[in-house]
Amino acid sequence: MTRVKYVVILLSSLSFFLTGCWDNGEVQEINYLSAFGIDFHDGEYYIYAQMLDYESISGPEGMPSSQPPIWVGKGRGKTLAEATKKLYTTSQQKLSWSQVTALVLSESMLKHERISDVIDKSNRTEDISYTKWVYGTKENIEELFTSTPFVGMSPLRTILHAPMLNYSQNSFIHPLQYVDFLANYREKAATVVLPSLAITTSNWTEGMKEHPILEIDGAFMLKDTENKGWLKLDDILGIRWLKGSATRATLLVGPMDDPVGLVRLVSPHSVIGFEPTKDGVKYRLKIKAIGKVVNMYKQVPIDEFKKMATDIFKKELIGTFRKTTPKHGDPYQLSLILYQRNPKLWNKLQKEGKSVTAESLDESDIQVDIDLRLWGARKHP
């Protein structure tokens with residue numbers, strides 16, 4: 001091969017690889033979306049797109065010096081495609097979905113045909129990540145997206161975009177990624193526990209004025225591709241104890257109006273078993289957790305304190321079961337476990353409507369072992 005031919009072939013090869021970048025625009029010519037939400041009412045879809053000023057967010061220390069602006073775009077149409085097209089029509093630059101970290105669905109979107117449409121469109125958009133967080137909501141999505149965090153805090157560090165930061169400190173409902181949403185939504189024996197996003201003004205003030213901030217106020221349960229209903233946070237506290245080692249939550253020991261102490265529970269480990277009965281199936285829960293006493297308000301023997309903590313732990317678990325079973329929800333995934341281990345039995349009981357019933361779990365079927373290893377501050381009256 002002559003030297004000239006070698007150079008020609010080399011240049012041709014390089015030009016082949018360069019063609020892959022031709023469709024990419026310059027960074028300053030692209031608007032990067034950070035979250036999108038979908039609502040449906042009056043026969044039309046509404047799509048909301050949140051856009052952040054990434055330049056102002058990226059300060060010298062990685063934190064903004066002032067509150068960065070939050071932009072929200074809106075498009076509506078008879079179909080999702082039409083609503084998205086309206087969004088594109090008014091966009092001044094190209095819109096990129098590659099930085100989207102959250103998807104919010106209104107309650108009216110939690111119908112099978114509409115969720116299927118969202119899944120179809122989302123999967124066809126190749127630059128939307130499968131690891132984005134998914135939420136349901138009863139509130140106005142535009143207001144959720146314009147809710148500002150604390151001054152000096154990046155909007156990307158809120159519950160909407162980074163929910164594990166909050167969950168790892170005080171666990172309630174485990175955040176849900178889109179890939180896990182898909183897996184459970186399509187699995188006939190599983191229940192999707194979809195965190196519900198809301199705005200609260202109850203806890204924080206700014207200059208003595210109430211400051212609206214995001215919170216998880218409950219969850220929707222989706223099973224067999226149907227929305228089985230919404231439950232507030234206090235009704236489903238037991239969910240957190242079956243979510244594995246990431247769980248870290250406090251338990252008030254004793255009556256609410258006259259507590260004995262406060263214990264922090266971490267790294268719960270659970271084992272679920274089952275036993276067929278003549279009326280269906282009986283489930284057994286065994287849970288171990290490490291407990292750290294944060295405070296004691298009354299002087300009680302350790303064994304008594306541990307028993308009181310264990311009883312409250314059990315009540316949270318059975319309380320959640322009794323709240324969700326009438327709605328045909330199964331947040332402990334008991335039906336899924338039965339299906340995975342004994343599909344023949346599951347099919348039989350499912351046809352009879354007995355895979356999970358109100359009689360499938362009693363408080364006596366729950367075994368809890370709290371290992372109180374460390375002791376914090378002790379306060380005597």
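Within the 3.5 Å criterion, the main-chain N or O of I366 finds no donor-acceptor partner in the side chain of K286. In terms of modelled atom types and a separation under 3.5 Å, the side chain of E226 and the main chain of K228 share no donor-acceptor contact. One N or O on the side chain of N140 and one on the backbone of E142 form a donor-acceptor pair closer than 3.5 Å. Checking side-chain atoms of Q92 against main-chain N and O of T90 turns up a donor-acceptor pair under 3.5 Å. Of the possible donor and acceptor atoms, one in the side chain of K282 sits under 3.5 Å from a partner among the backbone N and O of E359. Checked by atom type and distance alone, the side chain of T320 pairs as donor or acceptor with a backbone atom of G238 at under 3.5 Å.
Under the rule for a side chain to side chain contact (heavy atoms under 4.5 Å, CB included), the partners of D127 that lie at least two apart in sequence or sit in another chain are S96, W97, S98, T125.
P276 has its side chain within reach of L345: a pair of non-hydrogen atoms, C-beta onward, lies under 4.5 Å apart. Contact of the T146 side chain with the W71 side chain is not registered, since no non-hydrogen atoms from C-beta on lie closer than 4.5 Å. Residues I236 and T324 form a side-chain contact, since some pair of their non-hydrogen atoms from C-beta on lies under 4.5 Å apart.
Residue K323 places its NZ atom among 12 or fewer non-hydrogen atoms of other residues, nucleotides or ligands, all under 6.0 Å distant. The number of heavy atoms from other shown groups lying within 6.0 Å of NZ (K138) is above 12. Atom CD of E113 is surrounded by more than 12 heavy atoms from other residues, nucleotides or ligands within 6.0 Å.
Salt bridge absent: K315 and D311 never bring a charged side-chain N and a carboxylate O closer than 4.0 Å. Note on E82 versus R76: no salt bridge recorded, every NZ/NE/NH1/NH2 to OD/OE distance being 4.0 Å or above. Salt bridge annotation for D120-R124: present, with a cationic side-chain nitrogen under 4.0 angstrom from a carboxylate oxygen.
Rounding to the nearest 0.5 Å places CG of L285 at 11.5 Å from CD of E363. How far NZ of K86 is from OG1 of T89: 7.5 Å, rounded to the nearest 0.5 Å. Here the straight-line distance linking atom OG1 of T250 with atom CZ of R248 works out to 10.0 Å at 0.5 Å rounding. Atom CZ of R114 sits about 10.5 Å away from atom CG of L80, to the nearest 0.5 Å. Atom CZ of residue R284 and atom CD of residue Q367 lie 10.5 Å apart, to the nearest 0.5 angstrom. Remark: I70 CD1 to S147 OG distance equals 7.5 Å, nearest 0.5 Å.
The aromatic rings of F40 and Y45 lie perpendicular to each other, with more than 60° between the two planes, well past the 30° mark.
In this structure, W133 has its ring center at least 6.0 angstrom away from the ring center of Y178. For an aromatic pair to be called close, the ring centres must be under 6.0 Å apart, and F145 with Y48 fails this.
Residues in residues 253-272 take part in these salt bridge (Lys or Arg N to Asp or Glu O under 4.0 Å) pairs, two or more places apart or across chains: D258-K298.
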